[in-house]
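Given the structure is predicted, the values throughout are model-derived calculations rather than measurements.
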Amino acid sequence: MGTALVSAMATDAWGTVRSAVADFFGRNPSPAPGDVQEALDRTRDDIVAARREGDVEREERLVGEWRLQFAGLLAARPELVEPVRLLLEERITPALSSGEKEQVGHISIDVKVSGRGRANVLGSGTQHNR
């Protein structure tokens with residue numbers, strides 16, 4: 001979610017996406033303190049500057065901040081998983097370029113292990129061992 005949101009901030013459709021995200025947080029307050037609209041605007045300024053300067057580390061930090069924002073919201077209110085998914089799929093992702101859409105697409109990994117084998121799979125920051 002963080003990657004898609006931060007990528008959308010650098011698009012011409014940002015005004016529409018910003019409104020959708022601000023409306024979402026208005027209806028579903030985050031446990032993190034602060035004004036979400038102000039944070040969105042500040043992040044947009046930062047991402048535009050980071051991309052102009054080619055500052056990949058700064059962009060990754062901004063993505064991480066929004067991932068944490070949504071993770072905190074979903075940890076406190078797990079019933080919002082579906083509304084967040086809809087926000088991502090219906091409002092944020094359509095604003096992205098085709099290349100950016102590929103970066104935030106769904107990833108499915110199927111791992112088969114036999115005998116005494118072990119598989120370690122890391123996805124979206126969660127490790128699944130089987």
Side-chain angles (χ1 to χ4, degrees):
M1 180 65 160
T3 301
L5 180 59
V6 170
S7 293
M9 289 176 177
T11 70
D12 291 336
W14 172 239
T16 303
V17 174
R18 181 192 181 279
S19 294
V21 174
D23 289 347
F24 177 84
F25 277 102
R27 291 186 314 274
N28 306 291
S30 171
D35 180 15
V36 171
Q37 291 183 4
E38 184 179 301
L40 290 168
D41 292 338
R42 189 174 48 252
T43 304
R44 183 180 198 284
D45 292 344
D46 285 350
I47 191 63
V48 169
R51 287 190 173 183
R52 183 177 53 245
E53 298 163 10
D55 190 344
V56 176
E57 288 179 17
R58 185 172 170 191
E59 186 170 346
E60 289 173 356
R61 180 184 52 77
L62 295 168
V63 167
E65 288 173 5
W66 281 99
R67 280 186 184 148
L68 289 174
Q69 180 84 351
F70 278 96
L73 176 65
L74 294 176
R77 307 227 0 237
E79 73 275 10
L80 294 178
V81 168
E82 183 64 13
V84 167
R85 185 189 66 75
L86 291 173
L87 176 66
L88 176 63
E89 290 181 359
E90 295 176 359
R91 304 303 294 274
I92 297 173
T93 302
L96 303 177
S97 70
S98 59
E100 289 170 325
K101 285 178 185 175
E102 288 179 21
Q103 290 179 349
V104 299
H106 299 283
I107 298 172
S108 177
I109 302 171
D110 184 26
V111 179
K112 294 181 174 105
V113 179
S114 62
R116 297 175 149 249
R118 282 188 73 177
N120 295 314
V121 179
L122 183 62
S124 297
T126 304
Q127 186 169 343
H128 305 275
N129 297 320
R130 294 185 183 174

Q) Between CD of Glu59 and OG of Ser7, what distance do you get to the nearest 0.5 Å? A) 6.0 Å

Q) Can you tell me how far CZ of Arg44 sits from OG1 of Thr11, rounded to the nearest 0.5 angstrom? A) 7.5 Å

Q: Determine whether Leu86 and Glu82 make a side-chain contact, defined as any pair of heavy atoms from C-beta on separated by less than 4.5 Å.
A: yes

Q: List the atom of Val17, the atom of Ala95, and the distance in Å for their closest heavy-atom pair.
A: CG2-CB, 3.5 Å

Q) Minimum heavy-atom separation for Leu40 to Ala22, with atom names? A) CD1-N, 4.2 Å

Q) Under the salt bridge (Lys or Arg N to Asp or Glu O under 4.0 Å) test, which residues partner Asp41, sequence neighbours left out? A) Arg18

**Q.** Hydrophobic cluster identity match, Val81 and Leu73, side-chain contacts under 4.5 Å
**A.** yes

Q.
If I compare all heavy atoms of Pro83 with all of Phe24, which pair ends up nearest, and what's the gap?
A. CB-CE1, 3.8 Å

Q. ring-ring contact (aromatic ring centres under 6.0 Å, His included): which pairs involve residues 70-95, sequence neighbours left out?
A. Phe25-Phe70

Q. Crowded around Arg91 CZ? As in, over 12 foreign heavy atoms under 6.0 Å?
A. no

Name the atoms and distances for all side-chain donor-acceptor pairs under 3.5 Å in residues 61-68, with sequence neighbours left out.
residue : atom : partner : partner atom : Å
Arg61   : NH1  : Glu65   : OE2          : 2.6
Trp66   : NE1  : Thr43   : OG1          : 3.0
Arg67   : NH2  : Thr3    : OG1          : 2.8

Q) What is the minimum heavy-atom distance between Ala50 and Arg58, and which atoms define it? A) CB-CD, 3.8 Å

Q | Heavy-atom pair with the smallest gap, counting every atom of Ala4 and Leu96 | A | O-CD2, 3.6 Å

Q: Find out if a path of hydrophobic residues (ILVMFWY) with successive side-chain heavy-atom gaps under 4.5 Å connects Val48 to Met9.
A: yes

**Q.** Nearest heavy atoms of Ile47 and Val6, plus distance in Å
**A.** CD1-CG1, 3.4 Å

